[in-house]
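Have a look at the structure below, then the notes.
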Amino acid sequence: AAGVIQSPRHLIKEKRETATLKCYPIPRHDTVYWYQQGPGQDPQFLISFYEKMQSDKGSIPDRFSAQQFSDYHSELNMSSLELGDSALYFCASSARGNEQYFGPGTRLTVT
Amino acid sequence: KQEVTQIPAALSVPEGENLVLNCSFTDSAIYNLQWFRQDPGKGLTSLLLIQSSQREQTSGRLNASLDKSSGRSTLYIAASQPGDSATYLCAVRPLTGGGNKLTFGTGTQLKVEL
């Protein structure tokens with residue numbers, strides 16, 4: 001069965017650079033979610049999209065933005081990167097708000 | 001604000017033992033609760049989803065129960081195996097006002113030894 005795809009899987013950036021993470025949800029899933037998991041921490045909700053419209057927003061810094069495109073894939077854009085942005089970034093998708101399926105994550109390291 | 005707590009934080013058991021992981025949440029107005037497994041540095045694998053109207057769900061050697069009124073869920077793992085070693089996370093979805101976002105617990109790190 002198709003799963004959530006995230007790219008890249010690993011990303012190394014320097015402080016103040018910009019990063020773009022991509023997420024391809026499971027086909028026919030209408031909702032995409034982004035979560036951030038810092039080292040030794042539980043995942044924290046960042047933002048979600050339902051049918052290409054932002055549906056909810058969590059503790060997402062103003063330096064971050066996201067969108068969902070017409071083909072339902074989503075991108076998380078992160079600017080002016082800080083050391084504290086180093087984390088695992090997960091994308092998840094669901095159909096009509098039911099069970100969320102998570103991708104393998106993108107490990108971002110900011111040096 | 002919903003807070004989710006998991007006890008114990010870490011657990012080490014010998015192979016073959018039955019075990020129970022606990023999850024508690026402060027706001028009982030939930031839509032559903034999910035249990036996940038996470039291997040070190042890896043993604044989250046959904047194990048079980050319990051809707052707020054359900055009392056339990058079973059999948060193979062796993063059984064999850066939900067007592068919404070008391071804000072508790074348990075994950076029962078029967079006949080544990082070394083391959084069960086991982087961190088187990090519970091997460092709740094709010095009934096209203098919070099969209100579909102999940103609030104996660106802090107996890108229980110399980111080690112099953114030979």
Side-chain angles (χ1 to χ4, degrees), chain A residues 1 3-7 9-10 21 23-26 29-51 53-60 66 68 86-109, chain B residues 1-10 21 23-27 30-54 57 59 62 64 66 86-109:
Chain A
V4 177
I5 298 171
Q6 291 187 246
S7 67
R9 295 293 307 279
H10 302 273
L21 310 184
C23 169
Y24 298 85
I26 293 172
H29 278 194
D30 53 24
T31 308
V32 168
Y33 314 80
W34 286 97
Y35 293 85
Q36 176 192 57
Q37 185 177 31
Q41 298 180 358
D42 52 285
Q44 296 291 319
F45 172 76
L46 293 177
I47 195 166
S48 63
F49 293 87
Y50 170 72
E51 288 289 347
M53 299 288 290
Q54 182 180 307
S55 57
D56 198 3
K57 196 171 182 180
S59 50
I60 182 170
Q68 186 177 29
S86 295
L88 262 173
Y89 289 83
F90 291 110
C91 172
S93 72
S94 71
R96 292 182 294 281
N98 288 319
E99 187 169 2
Q100 293 186 25
Y101 294 88
F102 281 69
T106 293
R107 180 172 294 282
L108 172 66
T109 302
Chain B
K1 178 189 173 188
Q2 178 74 271
E3 292 184 3
V4 184
T5 306
Q6 291 186 245
I7 295 173
L21 308 181
C23 170
S24 60
F25 44 95
T26 55
D27 187 348
I30 65 168
Y31 186 84
N32 61 39
L33 183 146
Q34 268 184 273
W35 280 94
F36 294 89
R37 169 189 172 133
Q38 185 174 30
D39 293 287
K42 304 293 186 182
L44 300 167
T45 301
S46 180
L47 298 173
L48 289 164
L49 171 75
I50 309 179
Q51 301 291 354
S52 63
S53 58
Q54 297 176 318
Q57 280 286 345
S59 176
L62 306 179
L66 175 64
T87 295
Y88 290 80
L89 295 155
C90 68
V92 297
R93 175 190 156 185
L95 185 60
T96 59
N100 298 329
K101 68 183 180 189
L102 295 177
T103 299
F104 283 83
T106 46
T108 293
Q109 191 171 357

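What you see below is based on every heavy atom in this structure, not just the backbone, and it leaves out hydrogens, waters and symmetry mates. By convention in this document, chain letters (A, B, ...) are assigned in the order of the sequence lines, proteins followed by strands, and residues within each chain are numbered from 1.
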Okay, A:Arg9 and chain B: the region with an atom under 4.5 Å from a heavy atom over there is neither
Return the option, out of B:Gly41, B:Gly43, B:Ala91, with the maximum number of heavy-atom pairs under 4.5 Å with chain A. B:Gly43
Looking at A:Ile47 and A:Ala66, what are the two nearest heavy atoms and their distance? CG2-CB, 4.0 Å
Holding to side-chain contact (heavy atoms from CB on, under 4.5 Å), I want the full list of residues that pass it with B:Thr26, two or more places apart in sequence or in another chain. B:Gln2, B:Glu3
Residue set satisfying ring pair (Phe, Tyr, Trp, His ring centres under 6.0 Å) with A:Phe90, at least two apart, ordered chain then number -> none
Most chain B-contacting option - heavy-atom pairs closer than 4.5 Å, from A:Pro43, A:Pro104, A:Gly105: A:Pro43
If we ignore angles and hydrogens, is there a donor and acceptor under 3.5 Å between the side chains of A:Ser94 and A:Tyr33? yes
Chain B heavy atoms under 4.5 Å from A:Gln37: which part of the residue, side chain, backbone, both or neither? side chain
Contacting moiety of A:Tyr50, where chain B heavy atoms sit under 4.5 Å: neither
Side chain / backbone / both / neither for B:Gln38 at chain A, heavy atoms under 4.5 Å: side chain
No-hydrogen, no-angle side-chain donor-acceptor test under 3.5 Å, A:Asp42 and A:Gln44: yes
